[in-house]
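This is the structure, below, for whatever I ask next.
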Amino acid sequence: MRHRSFVVLLMLGASMSARADLVDFKFGGQIASDIRYRLGGATIPAADAEAPFPSQQRLLGYGFSRNENLIKAQLSMTIADRVKAVADVDFYWYGYSDVRDIDSLTLRERVDPYRLDADAAYIDIYHILPKLDLRIGRQIVVWGAADKFSPTNNLNSLDFSDPLLFGKSIANQMIRFDWNPWRDLIITAVWVPIFRPAQLPRTAPLAVTQIERFAPVQDVSFQNQLRRFEILLPPPGIRATALQPDPSIENSQIGVRIAGRLLGQDLSLSYYRGRFGLPVPAAAISQADGTVDAYVMWPRMQVLGLDVAGSIKKLNGLGYWVEAGLFFPQEVTYAVYNWIDNPRAPAHGPITYKYVDGQFQSTPGVLPENQRGVVIPSTPFLKLTAGFDYSFNKYIYGNFQYVHGFIDEFGAGTTTFSRSTNLSDPARRESRIGEYLVLGTDVKVFNDALLLRFFGAFKIPDIGDEDPKFTAVLFPQAVWSVWDATELTLGAFVFLGPRDSKFGDPVAGASEIFAKAKFTY
Amino acid sequence: MNNRKWVAGCAMLWVVPGFAATGPEILQKTDHAMNAFKDGTFESKLLVKQPSGESREYNFITYQKSPDKRMVRFVSPGDVKGMGVLLEDKETMYVYLPGFQKVRRMGTHVKNQSFMGSDISFEDMSTLNFSDSYEAKLSSEDTIGFQLDLTARAGKDPEFPHLKMWIDKTSFHPSKIESYDAAGKKLKTQTRLDYKKVDAEHFTPGRIIYVDHRRNDHSSEIIFSSSKFDSGLSDELFSVRSLMRGQ
């Protein structure tokens, strides 16, 4: 009996090793270093405030803002062209220490902090049904034809923590089906069970926690009322809390896309139902000690998308793309619980609250409607990117985009942006959806060993703006391809504009110079 | 089978005394010889000469299916590994960049760009049939081969308006192609060496050397390590969906 078991095991082992022979392993990755120096930004937190944890989050006006080292490992295993499993893991060392007490000096994770990212951990099953592929697991789904500024690309929230990436998608767990019923026609359906918010830049909390910034409500009279109140009784501090959506089925996201080719041009239509990845203010509660608890939430939205891309033969093969997203946002109101203005509002003790359909509600409902201002109206709005690119010769490549709606912009109409250092400054109203020109050019020299890359995004003032502000970001860099798979990069990321402009606002970030090294294997 | 008969028939023409082949006929036969397969898989190494005299090496696999489809997948080095280029036809080109996890439609303007800093353009890679773009004139003939002068057809806009092509009489494959601008200045030379007879119908070069005279005679070389023909590659391989899969 024992002998028979041994034979069975041997046979099983033989069959398993035979299957292993069918597996095609591919391994690769990257080792990289990234050091940056910040020039003239806001000190976060303020110099007299306690340093946050972890300490790499502390930003100096002038100081090192990044000192990262990366080991990236990518593994893919394919079995008989039917199944593919992919893992893509980034291991970062921050390059800062977190040693605020003697105990932390005994812990490696405080002496040499690190973090782990995974851009992919999924399984592809090809032809699970005829002409149908399935991808399940942690993944990034990129939709849209535009470069970086894609209004239809909403399934993955973006990582804004690194301005150099202009919003890199954060992977999320999803189930994706691709059905290819006929020629170039591909119908994709994606289900994202649990919403993952965007990662904000370290400077983002300034937008909510700075006392001199007024409430972001749309209604001018209500906003002025709040400003007067803040001037008269400035709160000693503002704490910001995020109202993360529950992991319920109602909060899951879906997307459907139909892509094909018509008259030689690529065309796709898409629909997305989910949430905007960046939070918006939802409530402020004045506590008995004068401090304010601010709440932020992620508005629901539906997006109808259309993109077209192709090549124009009559213009020497000029590449072009147009991508538009029609957004149907949930209305978000800003509830103000103020025990001085509203004696019926709870003045002391914890407020119990619930958050329903974009409205922060106390229990019981004591908030009069004149203390609820609109932050995001439910009016549909359009975001659009149109661009073209062209190779002028072997050495010079140009890319131009008109962007109606930057990656962080959301909502219809105009609003008062809270960028001033003084509450009594006149309010500056701008369209929520701005207009931008985005230019990029690559110049390759020394047999492509040196790439000089310039990128710039320039805000076009609103029509009728009586006090237009010049504001832009510039991103020049020189990439030296030292040898196979080895790159050294020097560059700068420069924010231009006064404080009350889009890119001059300290919330947007501060200028940096950087040096990077990368080896890819 | 039909291909084989066609090749045999054409071959007969060359041995008939007194038969004078015309330029267009020779070019058509060359096109046919170069594409005398339904599909092909080529494993190659690209060596790009550096000013120091050393070469950078790129390894890639090219899948080709008649008439115009071509898929190139990069195997190494690491910075290009996983990258894919799909040429569906002369006007439709896609690139997959694994770092962006996105397939991007490319304007045909990129055809004049160099391929990985080499002396090969995307146009060089996508040209599978010369008769479509050029009119041919027989310039000379000897015991070894023919020399053709090719001029861009009206309404066609290839990268080079004029070519000189040397064609081997045995294989009907080009052994050398010189590319000229409209003023007659030589811009590039392509030399195809070490032809091997893969089977009864197929010849394949062992190496192709590209010299770009605009870049101080900078050179690049493709070395073919293996060639496989008519293995039944499916149309699905030459699709955006396949490009995105990365396999």
Side-chain angles (χ1 to χ4, degrees), chain A residues 24 26 28-30 74 76 78 81 84 86 119-120 124 126 133 139-145 147 169 178 180 183-184 186 259 261 264-266 309-313 315-321 388-394 397 444 446-449 481 483-487 518-521, chain B residues 48-52 54-58 75-82 88-94 97-119 121-123 157 212 214-216 218 220 234-237 239-242 244-247:
Chain A
D24 176 23
K26 285 179 184 156
Q30 198 179 98
Q74 295 166 305
S76 79
T78 308
D81 291 343
K84 184 177 176 183
V86 176
D119 283 339
D124 273 344
Y126 304 127
D133 296 345
Q139 58 189 288
I140 292 170
V141 178
V142 182
W143 284 356
D147 280 344
S169 294
D178 286 292
N180 185 196
R183 297 182 66 172
D184 302 310
I186 300 178
R261 199 177 304 153
Q265 312 304 302
D266 288 3
S311 181
I312 303 173
K313 196 175 176 183
L315 296 174
N316 288 328
L318 182 93
Y320 80 92
W321 54 90
F388 60 84
D389 67 345
Y390 189 71
S391 302
F392 295 95
N393 53 41
K394 283 185 185 303
Y397 164 83
K444 292 185 278 187
F446 303 129
N447 293 320
D448 291 4
S481 182
W483 195 245
D484 288 349
T486 311
E487 280 181 8
K518 184 170 83 174
F519 173 78
T520 316
Y521 57 94
Chain B
V48 183
K49 279 267 166 62
Q50 299 302 303
S52 62
E54 296 172 282
S55 295
R56 288 196 182 182
E57 185 178 317
Y58 299 90
V75 178
S76 68
D79 54 345
V80 297
K81 185 163 67 174
E88 289 207 346
D89 53 53
K90 279 187 174 296
E91 302 301 325
T92 313
M93 178 177 172
Y94 297 92
L97 301 168
F100 294 94
Q101 300 198 30
K102 182 175 179 178
V103 171
R104 194 184 191 284
R105 173 82 183 261
M106 304 301 290
T108 51
H109 62 89
V110 298
K111 282 185 181 176
N112 298 339
Q113 287 278 298
S114 77
F115 185 68
M116 296 292 143
S118 71
D119 304 283
S121 66
F122 284 100
E123 172 95 3
D157 187 25
D212 193 334
R214 296 162 294 186
R215 299 170 74 188
N216 295 323
H218 186 266
S220 304
S234 71
D235 284 336
E236 191 187 339
L237 177 68
S239 66
V240 170
R241 188 174 168 220
S242 164
M244 201 151 52
R245 282 178 186 169
Q247 62 166 223

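Quick caveat: nothing in here was measured; it's all calculated off a predicted structure. Proteins get letters first, then strands, A, B, ... in listed order; numbering begins at 1 in each.
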| task | Mind ranking A:I312, A:D266, A:T486 by heavy-atom pairs under 4.5 Å with chain B and telling me who comes out on top? | result | A:D266

| message | When you compare the side chain of A:Q30 with that of B:D79, does any pair of heavy atoms fall below 4.5 Å? | response | no

| Choice from B:Q101, B:K49, B:R56, B:M106 maximising heavy atom contacts with chain A below 4.5 Å | B:R56

| request: Evaluate salt bridge (charged side-chain N to carboxylate O under 4.0 Å, His left out) for A:D184 paired with B:R241, printing each intermediate quantity in order. | output: CA-CA 8 Å; A:D184 302 310; B:R241 188 174 168 220; over 6 Å; no

| message | At a heavy-atom distance under 4.5 Å, which candidate from A:W321, A:Y390, A:Y521, A:F446 has the highest pair count against chain B? | response | A:Y390

| query | Tell me, do A:D389 and B:R104 make a side-chain contact under 4.5 Å, heavy atoms counted? | reply | yes

| Region of A:W143 that comes under 4.5 Å of a non-hydrogen atom in chain B | neither

| message | Shorter than 4.5 Å, heavy atoms on both sides: which option in A:G319, A:G28, A:A485, A:G310 has the most such pairs with chain B? | response | A:A485

| said: Does any part of the side chain of B:H109, heavy atoms only, come nearer than 4.5 Å to the side chain of A:L315, both counted from C-beta? | reply: no

| said: Whether the B:Y58 and A:D484 side chains hold a donor-acceptor pair (N or O, under 3.5 Å, no angle test) is what I'd like checked. | reply: no

| With a 4.5 Å heavy-atom cut-off, do A:K394 and B:R214 have their side chains touching? | yes

| request: Say whether A:R183 and B:S239, considering side chains only, have a donor N or O and an acceptor N or O under 3.5 Å apart. | output: no

